[in-house]
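Structure record follows, encoded as structure tokens.
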2 protein chains.
Amino acid sequence: MAKSSANIRLVHVKRACEECAVRRLCLPTSLAESDLESLSSLVQRRGPFQKGDLIYRAGEDFNSLFALQSGSVKTYGLTHDGEEQITGFHLVGELLGMDAIGNEVHPCNAIALETTWVCEMPYAKLSELAELVPGLQREMFRVLGKEIRQDEHALMLVRRLRAEQRVMRFLNSLYQRMRERYGLIEEIPLPMSREDIANYLGLAPETLSRALTKLRNDGVIDVTTRSVRFLDMVAVCRLAC
Amino acid sequence: MAKSSANIRLVHVKRACEECAVRRLCLPTSLAESDLESLSSLVQRRGPFQKGDLIYRAGEDFNSLFALQSGSVKTYGLTHDGEEQITGFHLVGELLGMDAIGNEVHPCNAIALETTWVCEMPYAKLSELAELVPGLQREMFRVLGKEIRQDEHALMLVRRLRAEQRVMRFLNSLYQRMRERYGLIEEIPLPMSREDIANYLGLAPETLSRALTKLRNDGVIDVTTRSVRFLDMVAVCRLAC
DNA sequence: CGCTTGCTTGACTGCGTTCAATCATTGTGG
DNA sequence: CCACAATGATTGAACGCAGTCAAGCAAGCG
């Protein structure tokens with residue numbers, strides 16, 4: 001499953017955060033320039049991870065958080081009977097590994113969905129720094145709180161919804177997150193497979209496929225293998241909100 | 001729904017944390033005695049909340065986290081069409097309100113399931129204190145990480161599982177949490193209604209009822225209105241793990 | 001004691017799963 | 001560059017689990 005990671009390099013970038021194109025989406029959001037420097041100094045950029053490469057593995061010692069600098073990632077756990085269970089898809093600027101904080105090991109696997117670079121931040125150093133830099137502590141609490149909110153929200157959604165609604169909520173949440181990153185966009189890219197989406201939504205791939213086809217026939221969306229476009233925003237809102 | 005809260009008192013308890021029976025389950029777990037004192041000083045004990053009383057309301061300004069000192073609580077949000085969606089049941093020692101960190105307002109309601117006391121901890125003071133007391137910061141990160149892990153775990157469970165399995169996982173997770181608190185117990189109390197459990201598991205109340213009946217007929221559990229007892233631990237394990 | 005509320009049981013319907021076949025895409029070796 | 005294999009996505013048909021509606025039962029409370 002995981003391809004060779006022989007070509008993954010560790011790149012030391014001076015002013016990694018200061019000059020990062022996605023810093024406003026990441027931990028540095030509300031840090032003072034002076035504090036940014038100390039954060040930058042403990043960041044190690046790693047990549048390129050190719051599609052299918054593991055960024056970290058469930059059961060592996062937890063040492064670092066990873067900020068997604070480019071690309072996209074899925075995280076998943078394994079059920080007792082060996083089934084993959086996807087816990088989330090992650091976009092540029094998002095933090096990976098938070099579910100391991102306070103744990104010895106990572107509870108999930110993280111795997112690249114496309115060519116991906118991450119910024120590794122050793123957790124021990126990060127929390128040390130957070131003691132010295134109140135802004136960083138606040139930011140970390142904020143990010144953790146947001147993660148909890150999102151997970152709870154996902155829990156609320158996935159349970160009682162019809163297949164079509166689950167799909168539209170998923171697409172809409174992707175759309176919103178893409179908008180934060182790239183502004184108004186026409187096409188929402190889908191770096192993950194249908195199987196992954198279905199798994200994430202708790203549906204059979206066939207059911208997902210049928211739902212997408214129906215939504216296209218109803219003129220709500222236009223969908224290709226690796227992208228979606230919203231056509232009827234009223235219907236999108238009705239189904240996703 | 002919410003009863004009068006006229007009788008809810010604010011009690012200032014000196015050495016609130018030092019002398020708390022459930023401190024080992026709460027934030028103070030790994031704090032030094034000296035640090036405990038400062039934490040204690042910002043705790044305000046509130047109660048008694050009676051069954052049905054709101055502890056905080058969705059949309060209310062977020063100011064404080066609440067540690068559950070006695071009793072039990074459910075948290076829930078409202079969907080766009082006004083449906084209650086339960087996000088969690090909370091036992092003694094657990095922290096409420098973490099999903100509001102980094103937000104202006106509480107995203108969920110918290111309501112007492114039985115007579116309940118909480119320890120209110122103003123978030124601003126708590127995070128200030130966490131800057132001074134590294135142990136507290138570490139502990140808070142730990143608790144937040146654990147919450148994320150639990151939510152992700154819940155997400156993994158609820159999606160693809162059959163009704164019977166969902167029920168057993170739920171009962172088992174309650175059992176594990178009760179064991180942490182009260183050691184080996186025979187009876188698992190169920191302070192919440194069937195409707196609440198069904199809602200939490202994404203099932204119709206009728207389906208939950210049928211599942212419980214089947215599990216009883218199969219000799220796996222013994223169940224009364226407000227409690228469950230595990231009879232066949234092998235079957236419990238098979239269904240819940 | 002009767003009322004109310006919550007829980008359980010029954011019958012039926014329908015959505016999503018499963019199994020199977022076809023179609024589309026991607027990548028590979030000749 | 002094309003043929004072909006392999007993988008992923010879609011479509012079809014039948015089944016089964018859980019939802020819905022409705023009625024009966026138990027428990028709690030005035």
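Values in this document were obtained by computation on a predicted structure and should not be read as measured data. Chain letters run A, B, ... following the sequence lines, proteins first, then strands; residues in each count from 1.
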message = Test your reading of the model: is there a side-chain donor-acceptor pair from B:Thr87 to the backbone of B:Thr75, 3.5 Å cut-off?
response = yes
inquiry  = Checking contacts here: which listed nucleotide (C:dT9, C:dT17, D:dA9) is nearest the side-chain heavy atoms of B:Arg216?
reply    = C:dT9
remark   = To the nearest angstrom, the CG-C1' distance between A:Leu208 and C:dG16 comes to 12 Å
request  = Take atom CZ of A:Arg226 and atom P of D:dG8, then tell me their distance rounded to the nearest Å.
outcome  = 9 Å
query = Looking for any heavy atom pair under 4.0 Å, which part of the strands does B:Arg210 touch: base, sugar-phosphate only, or nothing?
reply = base
request  = Mind checking A:Leu203 for me? I need base, sugar-phosphate or nothing, with any heavy atom below 4.0 Å counting as a touch.
outcome  = sugar-phosphate
Closest listed nucleotide, where the reference is the side chain of B:Ser209 and the choices are C:dT9, D:dA18, D:dA9 = C:dT9
query = Atom CZ in A:Arg169, atom CD in A:Glu164: separation rounded to 0.5 Å?
reply = 12.5 Å
key: Candidate nucleotides D:dA18, D:dA9, C:dT9, ranked by approach to the side chain of B:Thr213 - the nearest   = C:dT9
task = Return the orientation label for the B:Tyr56 and B:His106 ring planes: parallel under 30°, perpendicular over 60°, tilted otherwise.
result = parallel
request  = Supply the atom-to-atom distance A:His153 NE2 to B:Gln85 CD, rounded to the nearest 0.5 angstrom.
outcome  = 10.5 Å
key: Spacing of A:Glu83 atom CD relative to C:dT17 atom P, expressed in whole Å   = 13 Å
ask   = Heavy-atom contacts under 4.0 Å between residues 189-199 of chain A and DNA chain D, which residues?
value = A:Ser193, A:Arg194, A:Glu195
ask   = Starting at CZ of B:Arg159 and ending at P of C:dT17, how long is that distance when rounded to a whole Å?
value = 13 Å
message = Counting distance alone, no hydrogens or angles: does the base of C:dC7 have a donor or acceptor under 3.5 Å from a partner atom on the side chain of B:Glu206?
response = no
query = Hey, does the side chain of B:Arg160 reach the backbone of A:Leu203 with a donor-acceptor pair shorter than 3.5 angstrom?
reply = yes
ask   = Does a distance-only test, which skips hydrogens and angles, find a donor-acceptor pair under 3.5 Å between the side chain of A:Glu164 and the base of C:dC15?
value = no
request  = Check the distance between C:dG6's P and B:Leu113's CG and give it to me in whole angstrom.
outcome  = 14 Å
Protein-nucleotide distance (B:Leu212, atom CG; C:dT8, atom P), rounded to Å = 6 Å
task = Please round to the nearest 0.5 Å and tell me the distance separating atom CD1 of A:Ile101 and atom CD1 of B:Ile148.
result = 6.5 Å
query = Hey, does B:Leu27 have a side-chain heavy atom less than 4.5 Å from the side chain of B:Met121?
reply = yes
task = Specify the separation, in whole Å, of atom NZ of A:Lys214 and atom C1' of D:dT10.
result = 17 Å
inquiry  = Within 45 degrees of the ring normal and closer than 6.0 Å to the centroid, is that where the cationic atom of B:Arg166 sits relative to B:Tyr200?
reply    = no
ask   = Atom CZ of A:Arg162 to atom C1' of C:dG16: distance rounded to whole Å?
value = 10 Å
key: Terminal helix-axis angle for the helix from C:dT8-D:dA23 to C:dG30-D:dC1, with five pairs defining each axis and rounding to 10 degrees   = 40°
